[in-house]
Every structure is written in structure tokens, then in C-alpha cells.
Amino acid sequence: MRFTDFLCQELQRKSQDIVSALNLVASIKMELDELRNNGWDDFIQSVRSFCEKHEISMPNMGARHRMGTGRSCQQKDCITVEHYYHMDVFNEVIDYQLGGIKY
């Protein structure tokens, strides 16, 4: 969110010219892409640190992720909690942000 917030703030400046704006958009897209491809480990470590600092219990990331009611007949895939948060939450949010940045 800090990338897109920064982008919004910069694009609202009256002194922003079109070339600088396009370069800024391209730069933010590259940073988001880099975050998507290589940012998970740093992100999850910062979440762990935050949880430890504030005495918040974190789920067992290696445990099996259960969807729906948790009945075994409804489980199609056997994925971990970490896989779910990495692929279905972290990457999806970044993909959503990348999809909203057009130039």
C-alpha cells in the first residue's frame, strides 16, 4: 500500500509533468513486481516481529489450510497456511494493485 499511496500523492501534485508521471508509474510497477516476486520472506518476517512485539499469536504457517467448513470431502487441495497467505492473499493483493495501475 505504501507504493500506491506514494504514487497517488505524487500524481496529485500540480507541478507533476506527464513524463515524470509516466516514469513514476513505471517505477512503481517495477517495485510492485519485485515485491511480488521476492518480497514474501521479508514481509512474513516483519509480520512475525510485529506479532511477537505485541504478543499476538500467529497461526502455524506449516499447518494444513482448511477452506469452507473444514470437512475433508470439501477439501480439493492440500495446501499449507503459508501457501494460502502467500499465493491467495499477498500475491493477489499485489496483482490487484498492478492491474489498477495503467499508463
Drop me the distance from [X]'s [atom1] to [Y]'s [atom2], to the nearest 0.5 angstrom.
X     : Y     : atom1 : atom2 : result
Asn60 : His65 : CG    : NE2   : 13.5 Å
Met87 : Thr80 : CE    : OG1   : 9.0 Å
Ile28 : Asn23 : CD1   : CG    : 11.5 Å
Ile94 : Glu34 : CD1   : CD    : 10.5 Å

Would you say the side-chain atoms of Asp33 pair up with the backbone N or O of Lys29, donor to acceptor, closer than 3.5 Å?
-> no
For residues 44-57, tabulate all N or O donor-acceptor pairs below 3.5 Å that involve a side-chain atom, not counting sequence neighbours.
unit_1 : atom_1 : unit_2 : atom_2 : d
Ser46  : OG     : Phe43  : O      : 2.7
Ser49  : OG     : Gln45  : O      : 3.2

Other residues, nucleotides, ligands: >12 heavy atoms within 6.0 Å of Tyr85 OH = no
Worked verdict on Asn91 versus His86 for side-chain contact (heavy atoms from CB on, under 4.5 Å) | CA-CA 6 Å; Asn91 284 354; His86 184 178; 3.8 Å; yes
Same cluster for Met30 and Leu35 if Ile/Leu/Val/Met/Phe/Trp/Tyr side chains link at under 4.5 Å?
-> no
